[in-house]
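One-based numbering along the sequence shown. Keep in mind that this is a model prediction, so the values were computed, not measured.
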Amino acid sequence: MSAIDEKVIRRVVLSAIVGATIEWYDFFLYGVVAGIVFNKLYFPGSDPVVSTLLAYTTFAVGFVTRPLGGVIFGHFGDRIGRKSMLIMTLMIMGVSTFLIGLLPTYAQIGVAAPLLLLLLRVAQGIGLGGEWGGAVLMAYEYAPKAKRGFYASLPQVGLAIGLCLASGVVALLSSLLTDAQFLAWGWRIAFLLSGVMVGVGMYIRLRVQETPEFSALKARNAELRIPFMDMLRRYPGNILKGMGARYIDGVFFNVFAVFSINYLTSTLKLSRTDALLGVMAAAVVMCFTIPYFGRMSDRHGRPRVYMWGSIITALSAFPGFWLMTHSGGNVLLVWLAIVVPFGILYAAIYAPEAALFCDLFDAKVRYTGISFVYQFSGIFASGITPIIATALLKSGGGDPWQICWYVVFAGAVSAACAWLIGRSPEPEETELGVPALQGGRAGR
């Protein structure tokens, strides 16, 4: 690889990481705040469990609309280009998040408040639905084939940084303000900050060029008229295997990054700041473990790393929640219970996931394919997980063990699907002048 090529790739990766960071900050800020603010200000009621479930329902709506965004931006990303779609998704997410920070409460405008909140959450979901696939593809399609697992994992670091920023900003505001001040206006600051970050992201993304693989498609006029239909026709098995593999990712992330905050504050009576700092610490660790496991996926095969990562990560839910419940209020033990499963082990599935899904499709339908697999599976893997976890906690009388068994079930499904992916040949790329890979996937 020449020095010029390395410079270009570094710029592409930086653009993907910065953009992904902003998008995930916007999206997960909603999840962090849903169970501690929105349930009180936008869904008031006599039963706090019902109010929390309603708040998490609007959180889930973002995941329901993400497949729509994935199909829309995937279609145009496969027909027009990856770069232009990434500019649009960044704007949609940034504006939606900024407006949430200005939204009046239920006490001020009545039922219009939760309806407007729902509408903005829909916009967030559509924006992120197109963002993830485009950011991943920019890194994947620029990278050398032998290093695609590593380079495609780098935009995934944006999730860790975005979560760290979202948790950190809310934790900082929580520590500086009283509960009354935080509920009255403090939480809005976190949402309004998105407007500043979008300006930075736009500046960086406008300087990036289109990917070589899509440029080759354009040069040959090989774009498909309706990529989504071609994807369904040629890759039905890969779609199902990809969605199944995604299951543990969505379940585990939302149990430890979203639901755990409400569990620690409501059930274990830990302070909101301490709970958020635990999630933030795990996110910081993940910034280093994601590239590590991305490199491992290039050496040992993405399906193999993902399969074992799914099993080990799922089983870690039991010791993680056991340590939380038996911490005796020791904050360091609670943080350890979050950092090890979430900050270290979870990276073994999240890091290779991007390239694993990209490997399932050829360049003509890749934006559409990976966006659909990731976002459509997110409805059941991610969106409804906080609702399921809240219901299982209540069913278990406040004990989290039913939640842990649900996580293990998700891990078993994902491990089986990763094993099947490892037994499948990769799509051929001969039409673009790229030699087809022989002998199936690395690490079979």
Side-chain angles (χ1 to χ4, degrees), residues 16 20 63 66-67 69-71 73-74 77-78 82 128-143 145 147-159 211 213-214 227-228 231-232 234-250 253 290 293-294 297-298 301-307 309-310 346-382 413-427 429 437 440-443:
F63 289 92
R66 276 165 60 172
V71 171
F73 290 105
D78 282 328
R82 287 46 164 139
L128 186 60
E131 161 66 26
W132 182 84
V136 163
L137 279 189
M138 292 296 288
Y140 178 89
E141 292 185 347
Y142 261 104
K145 282 188 176 291
K147 297 182 178 180
R148 280 182 161 176
F150 171 70
Y151 279 107
S153 73
L154 296 181
Q156 303 287 71
V157 175
L159 175 142
T211 71
E213 285 197 47
F214 187 79
F228 183 75
M231 174 199 72
L232 292 178
R234 292 196 290 132
Y235 297 112
N238 284 5
I239 292 171
L240 292 175
K241 285 180 283 190
M243 289 194 296
R246 165 90 160 90
Y247 196 14
I248 182 59
D249 166 27
F253 179 91
I290 285 176
F293 282 109
S297 75
D298 285 323
R302 288 180 271 284
R304 179 179 298 169
V305 173
Y306 197 94
M307 180 184 70
S310 298
Y346 171 74
I349 53 178
Y350 195 65
E353 181 178 64
L356 181 76
F357 292 169
C358 287
D359 288 345
L360 294 174
F361 306 96
D362 66 73
K364 290 183 179 181
V365 299
R366 190 173 288 141
Y367 200 144
T368 301
I370 66 172
S371 296
F372 182 78
V373 164
Y374 188 83
Q375 308 301 355
F376 187 79
S377 61
I379 297 174
F380 61 87
S382 300
V413 171
S414 294
C417 290
W419 182 84
L420 291 173
I421 290 173
R423 269 40 187 183
S424 306
E426 291 190 38
E429 299 282 7
L437 300 181
R441 301 173 191 276

Subject >> Heavy-atom closest pair, residues Ala355 and Gly149 >> reply: CB-CA, 3.8 Å

Subject >> Distance in Å, Leu154 CG paired with Ile290 CD1, rounded so as to fall on 0.5 Å steps >> reply: 9.5 Å

Original post:
Can you check whether Gln156 reaches Trp132 side chain to side chain, under 4.5 Å on heavy atoms?
Top reply: yes

**OP:** Quick one: do Tyr306 and Ser310 satisfy side chain to side chain contact (heavy atoms under 4.5 Å, CB included)? Show the steps, please.
**Re:** CA-CA 6 Å; Tyr306 197 94; Ser310 298; 3.5 Å; yes

**OP:** Measure from the ring center of Phe228 to the ring center of Phe372 and say whether it is less than 6.0 Å.
**Re:** yes

Subject >> Working for side chain to side chain contact (heavy atoms under 4.5 Å, CB included), residues Leu137 and Arg366 >> reply: CA-CA 8 Å; Leu137 279 189; Arg366 190 173 288 141; 3.2 Å; yes

Subject >> Reported CE-to-CG distance for the pair Met231 and Asp362, which is rounded to 0.5 angstrom >> reply: 11.5 Å

Original post:
Could you go step by step and tell me if Val71 and Phe376 meet the side chain to side chain contact (heavy atoms under 4.5 Å, CB included) rule?
Top reply: CA-CA 9 Å; Val71 171; Phe376 187 79; over 6 Å; no

Original post:
What are the two closest heavy atoms between Ala348 and Gly309, and how far apart are they?
Top reply: CB-CA, 3.9 Å

**OP:** Taking the side chain as every heavy atom from C-beta outward, state whether Ile370 and Leu360 have any atom pair closer than 4.5 Å.
**Re:** no

Original post:
Which value, rounded to the nearest 0.5 Å, describes the distance between Lys145 atom NZ and Tyr140 atom OH?
Top reply: 6.0 Å

Original post:
Is the backbone N or O of Gly369 less than 3.5 Å from a side-chain atom of Tyr235, with the two atoms forming a donor-acceptor pair by type?
Top reply: no

Subject >> Centroid-centroid distance, Tyr247 to Phe380, less than 6.0 Å >> reply: yes

**OP:** Could you tell me the separation between the CZ atom of Arg246 and the SG atom of Cys417, rounded to the nearest 0.5 Å?
**Re:** 13.0 Å

Original post:
Where is the tightest heavy-atom contact between Tyr374 and Asp249, given as atom of each residue plus distance?
Top reply: CE1-OD2, 3.8 Å

Subject >> Distance, nearest 0.5 Å, that separates OG of Ser371 from CD of Glu131 >> reply: 10.0 Å

Original post:
Which is it for Val136 and Phe357 under the side chain to side chain contact (heavy atoms under 4.5 Å, CB included) test, yes or no, and what are the steps along the way?
Top reply: CA-CA 10 Å; Val136 163; Phe357 292 169; over 6 Å; no

Subject >> Heavy-atom side-chain proximity of Tyr151 to Asp298 below 4.5 angstrom >> reply: no

Original post:
Is a side-chain N or O of Thr368 found less than 3.5 angstrom from the main chain of Pro227, in a donor-acceptor match?
Top reply: no

Subject >> Nearest heavy-atom neighbours spanning Asp359 and Arg302 >> reply: OD2-NE, 2.7 Å

Subject >> Closest heavy-atom pair and its distance - Ala16, Ala135 >> reply: CB-O, 3.6 Å

Subject >> Non-hydrogen atoms of Arg148 and Ala143 that approach each other most closely >> reply: NE-O, 3.7 Å

**OP:** Could you grab the distance from atom CD of Glu353 to atom SG of Cys358, nearest 0.5 Å is fine?
**Re:** 10.5 Å

